[in-house]
Amino acid sequence: MATKAKSSSSSCLSFLKDALLLPSKNPKLFVPVFFLVTASLLLLQITNVFCIQPRTADILHQLDEIKNMDPSSSDYAKLMAEIIKETRELVVISITLLIISFAESFARQIIAFFATSTTYAGDRYSLPELFTEVIMKGRRVRGPLITVAMVGVLNVACMLLLVALLQLAMRHMGVLYMAVLFVLPFLAFLYLNVVFFVAVAASVADADHRGVSALRLAWRLMTKVWRKEGCVLVVVVHLVATVPSPLYAVALACLKKSMPMGLALLSVYTLLGGLVQLFYYAAAMVYYYQAMESKEKEVMAHDDYVKIPTGEATTV
């Protein structure tokens with residue numbers, strides 16, 4: 001009984017081992033993909049640290065100052081004009097960063113998922129070959145783009161819903177209300193977030209699945225075909241995501257005291273973040289392929305069962 005439970009547990013985790021080893025099967029592709037992912041993350045972090053956070057701190061400081069000033073004074077009008085100016089700059093930078101991050105996220109997911117898909121399938125492309133022979137060939141990129149766009153919209157909708165539910169739960173301030181109105185929907189969102197990842201993997205691996213079709217397939221795999229492995233994937237993905245977080249907090253604290261040390265820690269954080277994201281993509285892709293293999297085996301077993309001869313003689 002214990003042996004059976006142990007083998008079942010190891011089978012649930014075996015696809016994660018395959019995901020960890022997948023990049024080592026094609027280093028000439030995954031090394032540049034890793035640096036692309038890391039470079040984009042570092043650019044976003046540097047923009048946040050040097051452009052958004054200082055302006056936000058200045059605006060908060062000025063708002064604190066203006067509370068104690070006479071609204072009819074010239075200093076008040078001058079400071080208010082400065083606040084409006086910096087607020088406009090912050091809004092423009094934030095919107096620009098948001099657009100860039102969405103475009104960068106699209107590109108990052110498509111490149112990484114195509115890299116993991118082709119490597120798992122046995123191909124050994126370089127990054128230029130992946131672009132010319134796979135991504136840009138025919139309409140291969142169209143399906144993943146549709147799926148990534150749909151997933152992005154659903155993620156934003158889910159986050160807005162969670163914010164609304166959190167505000168509603170905080171009004172009641174009860175543990176039961178907090179659990180029902182926010183905690184349970186938040187856990188559901190964490191699960192759906194991984195389903196969305198698997199849907200993008202499905203649209204990359206199979207050109208026939210995109211958008212709603214890919215989401216429906218991912219949901220079926222996660223809830224019916226490979227449920228235990230799907231739960232393992234959800235837990236592992238979100239646990240691994242928390243690993244670099246303490247380093248980010250330390251890096252922000254160091255930036256106030258020592259800029260070189262803070263930037264060094266921020267660089268290490270982005271390197272860890274790049275590794276974590278590559279693991280996400282590999283885990284979702286390996287999960288998809290092995291879940292589909294399991295699904296096909298179940299269908300074949302069912303067909304064999306249906307086709308078992310009864311042994312009765314056929315009368316002519």
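Here the structure is a predicted model, which means the values were calculated and not measured.
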Contact between [X] and [Y] at the side-chain level, heavy atoms closer than 4.5 Å - yes or no?
{"X": "Leu278", "Y": "Val33", "value": "yes"}
{"X": "Leu192", "Y": "Trp219", "value": "yes"}
{"X": "Val49", "Y": "Leu252", "value": "yes"}
{"X": "Val198", "Y": "Leu233", "value": "yes"}
{"X": "Leu217", "Y": "Met292", "value": "yes"}

Can you list everything that forms a side-chain contact (heavy atoms from CB on, under 4.5 Å) with [X]? Sequence neighbours excluded, please.
{"X": "Asn48", "result": "Gln45, Ile52, Gln53, Tyr248"}
{"X": "Val151", "result": "Thr147, Asn155, Phe196, Val200, Leu215"}
{"X": "Ile95", "result": "Val91, Ile99"}
{"X": "Ala205", "result": "Ser117, Met285, Tyr288, Tyr289"}

Is there a donor-acceptor contact under 3.5 Å from the side chain of [X] to the main chain of [Y]?
{"X": "Tyr287", "Y": "Leu221", "value": "yes"}
{"X": "Ser294", "Y": "Gln290", "value": "no"}
{"X": "Asp123", "Y": "Tyr125", "value": "no"}
{"X": "Arg124", "Y": "Thr119", "value": "yes"}
{"X": "Arg140", "Y": "Val204", "value": "yes"}

Connected hydrophobic set around [X], excluding itself, where side chains approach under 4.5 Å:
{"X": "Ile146", "result": "none"}
{"X": "Val92", "result": "none"}
{"X": "Val153", "result": "none"}
{"X": "Val235", "result": "Leu239"}

Can you list everything that forms a side chain to side chain donor-acceptor pair (under 3.5 Å) with [X]? Sequence neighbours excluded, please.
{"X": "Ser258", "value": "none"}
{"X": "Tyr280", "value": "none"}
{"X": "His238", "value": "none"}

Return the [atom1] to [atom2] distance between [X] and [Y], rounded to the nearest 0.5 Å.
{"X": "Lys85", "Y": "Arg55", "atom1": "NZ", "atom2": "CZ", "value": "9.5 Å"}
{"X": "Trp226", "Y": "Arg220", "atom1": "CH2", "atom2": "CZ", "value": "15.5 Å"}
{"X": "Arg108", "Y": "Thr38", "atom1": "CZ", "atom2": "OG1", "value": "10.0 Å"}
{"X": "Leu98", "Y": "Ile93", "atom1": "CG", "atom2": "CD1", "value": "13.5 Å"}
{"X": "Phe30", "Y": "Lys25", "atom1": "CZ", "atom2": "NZ", "value": "10.0 Å"}
{"X": "Ile111", "Y": "Leu127", "atom1": "CD1", "atom2": "CG", "value": "6.5 Å"}

Give a yes or no on whether [X] and [Y] share a hydrophobic cluster (residues Ile, Leu, Val, Met, Phe, Trp, Tyr; joining criterion: side-chain heavy atoms under 4.5 Å apart).
{"X": "Tyr269", "Y": "Val243", "answer": "no"}
{"X": "Met259", "Y": "Ile46", "answer": "yes"}
{"X": "Val225", "Y": "Val286", "answer": "yes"}
{"X": "Val236", "Y": "Leu20", "answer": "yes"}
{"X": "Met150", "Y": "Leu161", "answer": "no"}

With sequence neighbours excluded, tell me which residues meet ring-ring contact (aromatic ring centres under 6.0 Å, His included) with Phe114. none

Please report the shortest heavy-atom distance between [X] and [Y], naming the atom on each side.
{"X": "Arg227", "Y": "Lys224", "result": "CG-N, 3.6 Å"}
{"X": "Ser203", "Y": "Pro144", "result": "OG-CA, 3.5 Å"}
{"X": "Gly274", "Y": "Val37", "result": "CA-CG1, 4.0 Å"}

If you count every heavy atom of other residues, nucleotides or ligands that lies below 6.0 Å from Lys28 atom NZ, does the total exceed 12? yes

What class does the angle between the rings of Phe106 and Phe102 fall in, given that below 30° is parallel, 30 to 60° is tilted and above 60° is perpendicular? perpendicular

Test side chain to side chain contact (heavy atoms under 4.5 Å, CB included) applied to Phe279 and Val240, step by step: CA-CA 9 Å; Phe279 173 72; Val240 171; 4.1 Å; yes

